[in-house]
Amino acid sequence: MTFPSTVSIVEVGPRDGLQNEKEHLTVAQKSKLVDLLSDTGLTRIEAGSFVSPKWVPQMASSDEVFSAINRRSGVTYSALTPNMRGFETALAANVDEVAIFGAASEQFSQKNINCSIEESLERFAPVIESATERNLKVRGYVSCVLGCPYEGDIAPEKVADVTKLMIDMGCYEVSLGDTIGVGTPLKTAQMLDRVLDKVSIDKVAVHFHDTYGQALANLYVALEKGIRVIDAAVAGLGGCPYAKGASGNVATEDVLYMLNGMGISSNVDMSKLLLATNYITGVLGRKPQSKVANAIL
Ligand code: HMG
Ligand code: MG
């Protein structure tokens, strides 16, 4: 069996994690989390989201977070931008990279961004165009790739089609999101096979939530297929406010422990990562969702 020798972890805790917290953190707390994560060796950090504050109040201060962080050279600080309004604010905040986010489920698309899949792609087109003109890279997300809280099963062909459309529109990478963490390894393999029929593997990332405890098993399958980009959130924070029942992302600590054990390099330092874990769980007043963090700490 051959696995990739190196993997890039995309840390989404400051965005996917904090967007779902009942407690609204201060700008100082959010930027300190980003700074601690910047010290770990992580090179990609999703630090905020330029969405409607009525929809996701937790992310309302993302522009202030971007001005408060100490940017480390070599680290890319990205943010979600669902439309031109968000893109322009992100540009003013000097983000390094933006992400558009669509879905493979019509009903989730309506619930999350208030439009159909087709309409969402129309809204993303000018964002991708304007970003590309400014030499900013655009990541795409497809949500509900292994199931939807409103529609149930999602056809792998639908996931492949939306992914291919996003790549053709100009996304350099598409992250496949198991938004509600219902996927299992065989389903993951089947979904990835359909996507990889249409899109080259260097353009595909995976994004597992761990609601049913399947995320590491699913990641193992993705690694077996040769996927080299994995999204994760420190302390297993996370969830989408518009996906009922969704719990946190797979914990960065758990992913790192598994990669280290498999001899796959990610360049992330566990002890420095645990400083970020300790900090954010202290702020939130609870234990990490990460088994590894709990075992080590
Ligand atoms: P809408 O209500 O259809 O849009 O929302 P609108 O254009 O009619 O605007 C409504 C109001 O929002 C207006 O303000 C706009 O100005 C304002 P008003 O006139 O009422 O005062 N507005 C904005 N404000 C700030 N920034 C903006 C912006 N756009 C409009 N960018 C919209 C459409 C997309 C804006 C809304 O549905 C929204 O913000 N949705 C975001 C939902 C979200 O962030 N979900 C979580 C992220 S996705 C996720 O977690 C999944 C992922 O992790 C992958 C996975 O796990 O699968 C990525
Ligand atoms: Mg997510």
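Atoms within each ligand, like the ligands themselves, are counted from 1 in listed order. Heavy atoms only: backbone and side chains are in, while hydrogens, waters and symmetry mates are out.
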State whether the shortest distance between N or O atoms of [X] and N or O atoms of ligand 1 falls below 3.5 angstrom.
X      : answer
Ser143 : yes
Lys54  : yes
Pro53  : no
Asp16  : yes
Gly86  : yes
Val56  : no
Tyr141 : no

*Trace of the salt bridge (charged side-chain N to carboxylate O under 4.0 Å, His left out) decision for Lys198 with Asp161*: CA-CA 8 Å; Lys198 296 202 167 168; Asp161 289 345; 2.5 Å; yes

*What's the atom name of the N, O or S in His209 nearest to the Mg ion (ligand 2)?*
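Distance check against the Mg ion (ligand 2) picks out NE2 in His209.
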
*Return the name of the atom in Asp16, of element N, O or S, nearest to the Mg ion (ligand 2).*
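It is OD2 of Asp16.
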
Can you check whether a protein heavy atom sits less than 4.0 angstrom from [atom]?
atom                    : answer
atom 9 (O) of ligand 1  : no
atom 37 (O) of ligand 1 : yes
atom 13 (C) of ligand 1 : no
atom 19 (O) of ligand 1 : no
atom 56 (O) of ligand 1 : yes

What protein heavy atom sits nearest [atom], and how far away is it?
atom                    : answer
atom 58 (C) of ligand 1 : Arg15 NH2, 3.4 Å
atom 32 (C) of ligand 1 : Ile113 O, 4.3 Å
atom 27 (C) of ligand 1 : Arg85 CG, 3.4 Å
atom 3 (O) of ligand 1  : Asn114 ND2, 2.8 Å
atom 7 (O) of ligand 1  : Asn83 ND2, 5.0 Å
atom 26 (N) of ligand 1 : Val51 O, 3.2 Å
atom 11 (C) of ligand 1 : Ser52 OG, 4.5 Å
atom 47 (C) of ligand 1 : Gln19 OE1, 3.5 Å

_Ala103 near ligand 1 by a heavy-atom separation under 4.0 Å_ =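 It does not; every heavy atom stays at 4.0 Å or beyond.
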
*So is Met59 close enough to ligand 1, meaning a heavy atom under 4.0 angstrom away?*
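The answer is no, since Met59 has no heavy atom less than 4.0 Å from ligand 1.
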
Assess whether atom [atom1] of [X] is packed by more than 12 heavy atoms of other residues, nucleotides or ligands within 6.0 Å.
X      : atom1 : result
Glu118 : CD    : no
Tyr257 : OH    : no
Tyr212 : OH    : no
Asp153 : CG    : no

Under 4.0 Å from a heavy atom of [X]: give me the atoms of ligand 1 that qualify, with their elements.
X      : value
Gly177 : 57 (O)
His209 : 56 (O)
Leu80  : 47 (C)
Asn112 : 37 (O), 40 (N), 41 (C), 42 (C), 43 (C), 45 (N), 46 (C), 48 (S)
Phe50  : 26 (N), 27 (C), 31 (N)

With a 3.5 Å distance limit and no angle check, can you tell me whether [X] reaches the backbone of [Y] through a side-chain donor-acceptor pair?
X      : Y      : result
His209 : Ser247 : yes
Thr277 : Leu273 : yes
Thr252 : Val234 : yes

Is the closest basic N to carboxylate O distance between [X] and [Y] below 4.0 Å?
X      : Y      : value
Glu97  : Arg44  : yes
Glu173 : Lys203 : no
Arg134 : Glu129 : no
Arg72  : Asp35  : no
Lys164 : Asp197 : no

_The test is side-chain hydrogen bond (donor to acceptor under 3.5 Å, both in side chains); show your working for Asp254 and Ser290 and say whether it passes._
CA-CA 6 Å; Asp254 295 359; Ser290 159; 2.6 Å; yes

*On the 0 to 90° scale, with breaks at 30° and 60°, tag the Trp55-Tyr242 ring pair as parallel, tilted or perpendicular.*
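Aromatic pair Trp55/Tyr242 classed tilted.
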
*Can you tell which part of Thr81 has a heavy atom less than 4.0 Å from ligand 1: side chain, backbone, both or neither?*
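Answer for Thr81: neither.
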
*Using a 4.0 Å heavy-atom cut-off, say whether Val145 meets ligand 1 through its side chain, its backbone, both or neither.*
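For Val145, there is no contact with ligand 1 at all, from either part.
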
*Please tell me if the side chains of Leu219 and Ile230 come closer than 4.5 Å, counting only heavy atoms from C-beta onward.*
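Touching, per the 4.5 Å side-chain cut-off.
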
*Begin from the C-alpha positions of Lys30 and Glu21 and carry the test salt bridge (charged side-chain N to carboxylate O under 4.0 Å, His left out) through to its verdict.*
CA-CA 12 Å; Lys30 291 183 197 173; Glu21 284 300 327; over 6 Å; no

*Ignoring hydrogens and angles, state whether a donor on the side chain of Gln19 or Arg15 is under 3.5 Å from an acceptor on the partner side chain.*
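Yes - a donor-acceptor pair under 3.5 Å links their side chains.
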
